[in-house]
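Values reported hereafter were calculated over all heavy atoms of this structure, with side chains retained and with hydrogens, waters and symmetry mates removed.
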Amino acid sequence: MGASLLGVFFSFITLSLLADSALGITRHYKFDIKLQNVTRLCHTKSIVSVNGQFPGPRIVAREGDQLLIKVVNHVQNNISIHWHGIRQLRSGWADGPAYITQCPIQTGQSYVYNFTIVGQKGTLWWHAHISWLRSTLYGPIIIFPKRGVPYPFAKPYKEVPVIFGEWFNADTETIINQALQTGGGPNVSNAYTINGFPGPLYNCSAKDTFKLKVKPEKTYLLRLINAAVNDELFFSIANHTVTVVDVDAVYVKPFETETLLITPGQTTNVLLKTKSQYPSATFFMTARPYVTGLGTFDNSTVAGILEYELPHNFHSSNSIKKLQLFKPILPPLNDTSFATKFTNKLRSLASAQFPANVPQKVDKQFLFTVGLGTSPCHSNQTCQGPNGTMFRASVNNVSFVMPTTALLQSHFSGQSNGVYTPDFPSYPLIPFNYTGTTPNNTMVRNGTKLVVLPFNTSVELILQDTSILGAESHPLHLHGFNFFIVGQGFGNFDPNKDPANFNLIDPIERNTVGVPSGGWVAFRFLADNPGGSVVHALPPGSSHQLGFEDGLDCLRWKASQSEATSSTS
């Protein structure tokens, strides 16, 4: 009897441990926001950092884990942190965009972000979500599957985060403040970076080079993140192919490629299979921008080095110095054909274990035009926009006005009157040939306007680029949701013809998309996350691309009173 009871007891303990493992654990992190001197390009400056690191520390968790991240602000800037791509189910207040879901963290204050990772695994990232502080405040989020749940591909030998960024010699807050004041495009970066390093193609940077050391006949999982402030990037490793297996923390049908395109805010996981034998060579891995607009841009290339570990019988240092260095050939800067073909290869895995739950029917449809317009110059000021005006990004000709009270706070406190209006236009108020002849009047309207949706609404959103002041690709990110990209094309979206070609079987699922230059993209999602959400362009604050400061529309999901109450408890 005693033995039987003991066996029952240990069985209970074993089942309890398995249950705890399945439910996830609570992980604690502390982010001290402080200044740190960093030298790049022989230029030393004080940057805003997390824990003195650049890039910032990685967040590591498993699907189902709860994260408690205490952010303490020791700098003079207001701070907020966005957990880019995290669904934030019933925890919208932890999403991070300043004045949207939270008031920023002031100097000397702290805030604990509390959220659970539900149904997600892969690579995401975190970054500052106020002004241009994300130029230095960013880092990876690595989400492993639940224990005992394998990848849908062979387990890699090693996993390595690879984060693309930009380095500015000047203070980025000064850069964006000047751009917003004059209405011109912000000054471009001085270099791109890989894991914070510009690499040997820049002056005074040979020692500031990211090196990936690998072994022959191994498979490495590279977790690629585009944290650049402004630019979409081509990326390639010389004499190697990679297999794309995941984008934005969603598994995809694997495909091989020598070069890939990654938009600001996007993540891409690739498998790199190394050569079967020591190659007696080193290999550049390089990234440079994909450019579609008329504005200035950083026309430079960042390089890291792929090195193979030396065999045990390899002793000559002279031979090491003479190793041949191979360089990849990247597409031309404006290679829209490559960008389109690469994007079209992306498909959801759409398996029984990882289904693509794309909405088959649509309750609400929206057409949002995205692009540039103008605003009058302030009195007694010289502006750098067309004919002395100010550039203004807009959605459906509405340029966003940042509130002084967080939108989610004002809604749930019942004090939204005067903070925002729920009348954002579902379609352009004045239709025109969006990618053709530019209208004579390029002035935009200003306002803090929202779209309000009933809970569980199936939404189809068509994002249409415009040629006003020049067509260009616009990266856009939807907070709190993934969406299925069911179609895209060039020219004006045709509601009578284009939907017939929509992919409703295995469309790619993402949280960030690049609207094609002079074209459109259509995506669908289910509005099943009560609270406040926002669709905005990346980079935040840019005035020559669609920007968070002046080109954002906020979408709020309307839940029942009980659902709204529980989502804030």
Side-chain angles (χ1 to χ4, degrees), residues 125 135 162-167 185-186 188-194 198-199 201-202 222 224-238 241-242 244 247-248 255 257-268 270 284-304 327-346 370-372 393 435 463 465-467 470-477 485 488-490 508 510-521 537-540 542 544-547:
W125 65 300
S135 63
V162 178
I163 312 176
F164 305 107
E166 290 185 80
W167 173 264
V188 301
S189 58
N190 298 96
Y192 298 104
T193 59
I194 297 179
L201 300 182
Y202 295 100
L222 305 184
L224 308 177
I225 301 169
N226 188 351
V229 176
N230 275 331
D231 291 312
E232 299 174 84
L233 296 171
F234 295 120
F235 173 71
S236 182
I237 303 175
T241 59
V242 297
V244 178
V247 298
D248 290 0
F255 66 91
T257 184
E258 294 180 355
T259 304
L260 58 87
L261 175 68
I262 184 167
T263 286
Q266 290 182 343
T267 65
T268 303
V270 299
F284 263 164
M285 41 187 180
T286 60
R288 74 177 182 195
Y290 164 53
V291 181
T292 58
L294 301 176
T296 56
F297 61 95
D298 182 351
N299 181 15
S300 64
T301 302
V302 59
K327 301 179 180 179
I329 299 176
L330 291 172
L333 295 170
N334 61 349
D335 196 340
T336 296
S337 175
F338 175 90
T340 303
K341 290 177 181 178
F342 178 82
T343 301
N344 288 337
K345 292 179 182 178
L346 293 168
V370 294
L372 291 174
T435 56
L463 297 168
D465 185 35
T466 68
S467 59
E472 61 181 340
S473 176
H474 295 290
L476 286 114
H477 168 55
I485 302 173
Q488 65 178 34
F490 293 98
I508 191 63
R510 307 207 72 139
N511 62 61
T512 303
V513 63
V515 181
S517 177
W520 55 271
V521 63
L538 292 160
S542 173
H544 75 285
Q545 295 191 36
L546 191 61

**Request:** Look only at the side chain of S236 and the backbone of L330, and say whether a donor-acceptor pair between them is shorter than 3.5 Å.
**Result:** no

**D298 CG to Y192 OH distance, which is reported to the nearest 0.5 Å** = 4.0 Å

**Check: L201 and F284 side chains under 4.5 Å, non-hydrogen atoms** = yes

**Asked** Rounded to the nearest 0.5 Å, how far apart are CG of L333 and OG1 of T301?
**Response** 7.5 Å

**Asked** Would you call the rings of F234 and Y290 parallel, tilted or perpendicular, where under 30° means parallel and over 60° means perpendicular?
**Response** tilted

**Request:** Evaluate the criterion side chain to side chain contact (heavy atoms under 4.5 Å, CB included) for residue pair V291 and N334; output intermediate values, then yes/no.
**Result:** CA-CA 5 Å; V291 181; N334 61 349; 5.7 Å; no

**Request:** State which residues pass salt bridge (charged side-chain N to carboxylate O under 4.0 Å, His left out) with D465; sequence neighbours excluded, sorted by chain then number.
**Result:** none

**Asked** Do L222 and I237 touch side chain to side chain, with heavy atoms closer than 4.5 Å?
**Response** yes

**Request:** State the NE2-OG1 distance between H474 and T263, to the nearest 0.5 angstrom.
**Result:** 12.5 Å

**Asked** Taking atom OG1 of T336 and atom NZ of K341, what is their separation to the nearest 0.5 Å?
**Response** 12.0 Å

**Inter-residue atom distance T268.OG1 - I262.CD1, 0.5 Å rounding** = 4.0 Å

**Asked** Between P289 and S300, which heavy-atom pair has the shortest distance, and what is it?
**Response** CD-O, 3.5 Å

**Item:** Heavy-atom side-chain contact between I163 and W125 under 4.5 Å
**Value:** no

**Item:** Under 3.5 Å donor-acceptor, S473 side chain and V515 backbone
**Value:** yes

**Asked** Quick one: CD on Q266 to CG on L260, what's the gap to the nearest 0.5 Å?
**Response** 10.0 Å

**Prompt:** With distance as the sole test, does E232 use its side chain to make a donor-acceptor pair with the main-chain N or O of G514 at under 3.5 Å?
**Reply:** no

**Request:** Could you tell me whether a side-chain N or O of N226 sits under 3.5 Å from a main-chain N or O of D231, the two making a donor and an acceptor?
**Result:** yes

**Asked** Do V229 and P264 come close enough that some side-chain heavy atom pair is under 4.5 Å?
**Response** no

**Message:** Keeping W167 on the side-chain end and S189 on the backbone end, is there a donor-acceptor pair under 3.5 Å?
**Reply:** no

**Message:** Measuring only between side-chain heavy atoms, which start at C-beta, is I194 closer than 4.5 Å to F164?
**Reply:** yes

